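Structure record follows, encoded as structure tokens.
Source: prediction; values computed, not measured.
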2 protein chains.
Amino acid sequence: MTTGKKPTSIDIAYLTGFSQATVSRALRNSPLVSEETRRKVQEVARQLNYKVDKNASNLRTQHSGTLALLFFEDPTTDDSHINPFFVSMLGSITRACAQRGYDLLISFQQASDDWHADYADSKKADGIILLGYGDYVTYCDKARKLVEQGTHFVRWGAVLPDQPDTSVGCDNYSGGRAVAEHLLEQGCKRIAFLGEATRHYPEFFERHHGYAEALADAGLKVDPELQVDAESTQESGHAAMTALLDRNVQFDAVFAASDLIAIGAMRAMDERGLRVPEDVAVAGFDDVPSASFAHPPLTTVRQDTKEAGSILVDNLLHLIHGDPVQTSILPIKLVVRKSSVR
Amino acid sequence: MTTGKKPTSIDIAYLTGFSQATVSRALRNSPLVSEETRRKVQEVARQLNYKVDKNASNLRTQHSGTLALLFFEDPTTDDSHINPFFVSMLGSITRACAQRGYDLLISFQQASDDWHADYADSKKADGIILLGYGDYVTYCDKARKLVEQGTHFVRWGAVLPDQPDTSVGCDNYSGGRAVAEHLLEQGCKRIAFLGEATRHYPEFFERHHGYAEALADAGLKVDPELQVDAESTQESGHAAMTALLDRNVQFDAVFAASDLIAIGAMRAMDERGLRVPEDVAVAGFDDVPSASFAHPPLTTVRQDTKEAGSILVDNLLHLIHGDPVQTSILPIKLVVRKSSVR
DNA sequence: CTGAAAGCGCTTACAG
DNA sequence: CTGAAAGCGCTTACAG
């Protein structure tokens, strides 16, 4: 470009001698345009480094070709400690969007605040993906409002019978069950559970549910003394384990509701001189990258984030296009490593 | 909303009895509008859940209130292994954008491909931030093209005398120097360097430069036998250390050009029965979250990602507004942990 | 196959 | 302080 202004389709029309309408058609590969015309127009467009003005075309077509990712985070975490599981999801969502020709807006939010979720209302995005929504009960009110407004959105998280929204989640129940069965097979009898297992955190709740039923099937009962609330951070896992040790109850295994909790708990045990897995077998959930680098490497449940990202985006696009969507539950896979093998 | 259509400023004009122009002014808090009018208009807007159509306002005002983050990654990495240093940068850039009222588009790119950098040309973004551009020499050609086109962009990376673009980087030279001086203080004499130190990777090159001058000042010479190329992944660090060990040269310390390289190298040493720091002192660069959780915890150089994100965004906004920008070099901080202390 | 025209929903001089 | 009008740069019926 020699001038400071960006070229428009009118410039190309002038240069090629066609009307602006024909230029527009040629650029969009409309079949209404002759091969020859298309060629000429596209050639000039290339020379000028012309790009269609998305604001104009979006305004005209009434869709933006963009999705928004609302990423909720714990207010206490700092920049450098974004939950690695969500990082992995972010990667797969970004890729899934790119493959489908959509751009991705991202926004970090505090789950407690009012969300900045007007990307759809302001037409910046055609739909929204929610990741890590915090307290489910609080979330539900907000979700209902979004549904009322006709906002298209999908959530990563537990799939529940009465949910107001569309979600994609992994099979948390089976994951919890698989972990507990594995620990039982290792000969563990007193399996602690670290994580808040209430309807406020339905993923953890379902994992706990699977764990509880596996224990029941083995003729064991769930001892409330062996459960400590924790949210998904190392710090919280460390604190939960410390609290558990201070209770002076016996346990031979720990099922942490997430890998971060497990890693924090292992650090706390290390500080108290407990050996993993000799004294206590440990398992987590998520299979974040650091699980395999933990000492010892951590047994965990893998969620297929690549598949998850694809399905989230596909489901959102279905919603946007008014097609039926089915809520999806993805299979999980138990990954056994040293932390739980005696 | 009872109808399926989103409300427009015309709907509000109709409901309030004002003209559409006045509605627009009232919504934008123009001082030209009376307090009373503003109140009425904004009240109706709230009731309708009206949001200004960004496509229309962006088209009219000719800017988008959006920045784009091009995130280059090694083609070999998978979703779950995004470089944690860049994750930290992503967090701080996202926050910096939000604070300044900008939205952020993100896009993952292969450094080798032609970039999808037309966010600015298509008016989807006012400017672009580049993170992890791969080979600097290859990058320069592309950067020059962007500059020619008048695209506003900033790069995170080395600040070099002849660079075509605007960048923000940390003081890699001082960082390398600080690490080497620290290792020398620990009594190390044969300090290996892991990382490709050429003009293709100027950050590593500068770190190596600081290291080399510190050695020279101590009367030691840089032994090429003690340098192995590596890119910033654990796998590459593992391979580089393996190659170094296969050379059968003596060394008592390793300066890895990044933490990921260091962590991979420590794993390789562990496999060969070498103890850190007793047999070999180790230091990395970046202070990624896993550096403090490594075994042993890793001595490294911290870059202030929070500050970096702010400055990147500020510099880009200056560029966009036509204000002068100065290329910024951020101070670094040596973080000494067990891996290097004997 | 092509062109003239309307219109997407705003913002902002211009006039009063 | 308010309104009528123009115009941002496209896409797409409509007419030929």
Side-chain angles (χ1 to χ4, degrees), chain A residues 1 3-42 44-45 48-66 118-126, chain B residues 1 3-42 44-45 48-66 118 120-124 126:
Chain A
M1 270 205 326
T3 93
K5 293 284 299 159
K6 304 250 183 219
T8 70
S9 57
I10 302 233
D11 297 328
I12 299 180
Y14 177 78
L15 253 28
T16 56
F18 293 105
S19 71
Q20 183 270 331
T22 296
V23 167
S24 176
R25 289 191 193 97
L27 289 169
R28 300 174 51 73
N29 288 317
S30 160
L32 291 175
V33 131
S34 79
E35 188 53 42
E36 170 74 357
T37 304
R38 185 196 334 277
R39 233 208 56 253
K40 282 188 193 161
V41 167
Q42 295 196 350
V44 173
L48 297 180
N49 190 40
Y50 168 84
K51 292 285 163 4
V52 171
D53 184 314
K54 292 286 188 185
N55 291 132
S57 68
N58 291 347
L59 174 59
R60 181 53 230 242
T61 61
Q62 296 290 71
H63 56 73
S64 67
T66 303
D118 53 6
Y119 294 106
D121 299 322
S122 68
K123 309 269 181 72
K124 277 202 104 155
D126 299 328
Chain B
M1 272 204 323
T3 92
K5 292 284 298 162
K6 304 248 184 221
T8 70
S9 57
I10 302 235
D11 297 327
I12 299 179
Y14 177 78
L15 254 27
T16 55
F18 292 104
S19 72
Q20 183 270 331
T22 297
V23 167
S24 176
R25 289 189 192 99
L27 289 169
R28 299 173 53 72
N29 288 316
S30 160
L32 292 175
V33 131
S34 79
E35 188 52 42
E36 170 74 357
T37 304
R38 186 198 331 278
R39 233 207 56 250
K40 282 189 192 162
V41 167
Q42 295 195 350
V44 172
L48 296 180
N49 191 39
Y50 168 84
K51 293 284 162 5
V52 171
D53 184 315
K54 292 285 188 186
N55 291 133
S57 68
N58 291 347
L59 173 58
R60 181 54 230 243
T61 61
Q62 296 291 72
H63 56 73
S64 67
T66 303
D118 52 5
D121 299 322
S122 68
K123 309 267 182 74
K124 277 202 101 154
D126 300 327

Any side-chain heavy-atom pair from [X] and [Y] closer than 4.5 angstrom?
| X | Y | answer |
| --- | --- | --- |
| B/Lys51 | A/Lys123 | no |
| A/Tyr50 | A/Asp11 | no |
| B/Gln42 | B/Asn29 | yes |
| B/Thr8 | B/Asp53 | no |
| B/Leu15 | B/Leu48 | yes |

Would you please confirm or rule out a distance under 4.0 Å between OP1 or OP2 of C/dC10 and any side-chain N or O of B/Ser24? no
Name the pairs: protein N/O against N/O of nucleotides 5-9 of chain D, kept only if under 3.5 Å.
| from | atom 1 | to | atom 2 | distance (Å) |
| --- | --- | --- | --- | --- |
| D/dG9 | OP1 | B/Gln62 | NE2 | 3.3 |
| D/dG9 | N2 | A/Ala56 | O | 3.2 |

B/Thr66 and B/Lys54 side chains, donor-acceptor separation under 3.5 Å: no
Keeping to residues at least two apart or across chains, list the side-chain hydrogen bond (donor to acceptor under 3.5 Å, both in side chains) pairs with something in residues 18-27 of chain B. B/Ser9-B/Gln20, B/Ser19-B/Thr22
What pairs with B/Arg39 under side chain to side chain donor-acceptor pair (under 3.5 Å), at least two apart in sequence or on another chain? B/Glu36
Apply side chain to side chain donor-acceptor pair (under 3.5 Å) to B/Thr37 and list each qualifying residue two or more places apart in sequence or on a separate chain. B/Ser34
Using heavy atoms and a sub-4.0 Å distance, could you list which residues of residues 28-41 of chain A are near DNA chain D? By number, please. A/Arg28
Give the rounded distance in Å between these two atoms: CG of B/Asn58 and P of C/dT11. 10 Å
Once you round it to whole Å, what is the distance between C1' of C/dC10 and OH of B/Tyr14? 21 Å
Of B/Arg25 and A/Thr22, whose closest DNA chain D nucleotide lies nearer the 5' terminus? B/Arg25
Stems in DNA chain C: runs of 3 or more consecutive Watson-Crick or G-U pairs, distances under 3.5 Å? C:1-3 with D:14-16, C:5-12 with D:5-12, C:14-16 with D:1-3
Any side-chain to backbone donor/acceptor pair from A/Ser122 onto B/Val52? Under 3.5 Å, distance only. no
